[in-house]
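Just below is one structure, and these are the notes that go with it.
Keep in mind it's a predicted model, so treat the numbers as computed, not measured. All heavy atoms count here, side chains included; hydrogens, waters and symmetry mates do not. Start at 1 and go down the list; that is how both ligands and their atoms are numbered.
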Amino acid sequence: MYLIFRCDCGRTMYSKEEVARKKCVCGKNLKVKERRILAKTDNAESASQMVRKFQEEKYGGLQFTTADRI
Ligand SMILES: [Zn+2]
């Protein structure tokens with residue numbers, strides 16, 4: 001299984017369930033088991049799609065607001 005979770009910096013990422021730690025691009029070393037799990041998938045491909053979906057939910061709205069103002 002793959003777990004989808006979020007770093008304190010707001011970035012969504014995924015890792016294999018048996019991986020204990022995952023390093024975020026912000027430099028923070030996350031303990032996977034201590035994160036709140038947003039979703040689970042059974043393969044890496046759908047995990048990365050899920051991450052993209054969560055990222056769009058977080059940042060997509062902001063981009064829309066900006067475009068709307070222009
Ligand atoms: Zn981070």
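- In plain terms, the two heavy atoms of Asn43 and Thr41 that are nearest each other are O-OG1, 3.1 Å.
- Within the 3.5 Å criterion, the main-chain N or O of Phe5 finds no donor-acceptor partner in the side chain of Arg36.
- Smallest separation of non-hydrogen atoms from Arg11 and Val25: NE-CG2, 3.1 Å.
- Note on the Zn ion (ligand 1): protein N/O/S atoms under 2.8 Å are Cys7 SG, Cys9 SG, Cys24 SG, Cys26 SG.
- The local environment of CD in Glu45 is sparse, with at most 12 non-hydrogen atoms from other residues, nucleotides or ligands closer than 6.0 Å.
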Inset, instruction - Might you work through the salt bridge (charged side-chain N to carboxylate O under 4.0 Å, His left out) test for Lys53 and Glu57, ending with a clear yes or no? - result: CA-CA 6 Å; Lys53 198 171 125 296; Glu57 273 175 22; 3.8 Å; yes
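- Two residues are said to be in side-chain contact when any heavy atoms from C-beta on lie closer than 4.5 Å; Lys40 and Tyr2 fail this criterion.
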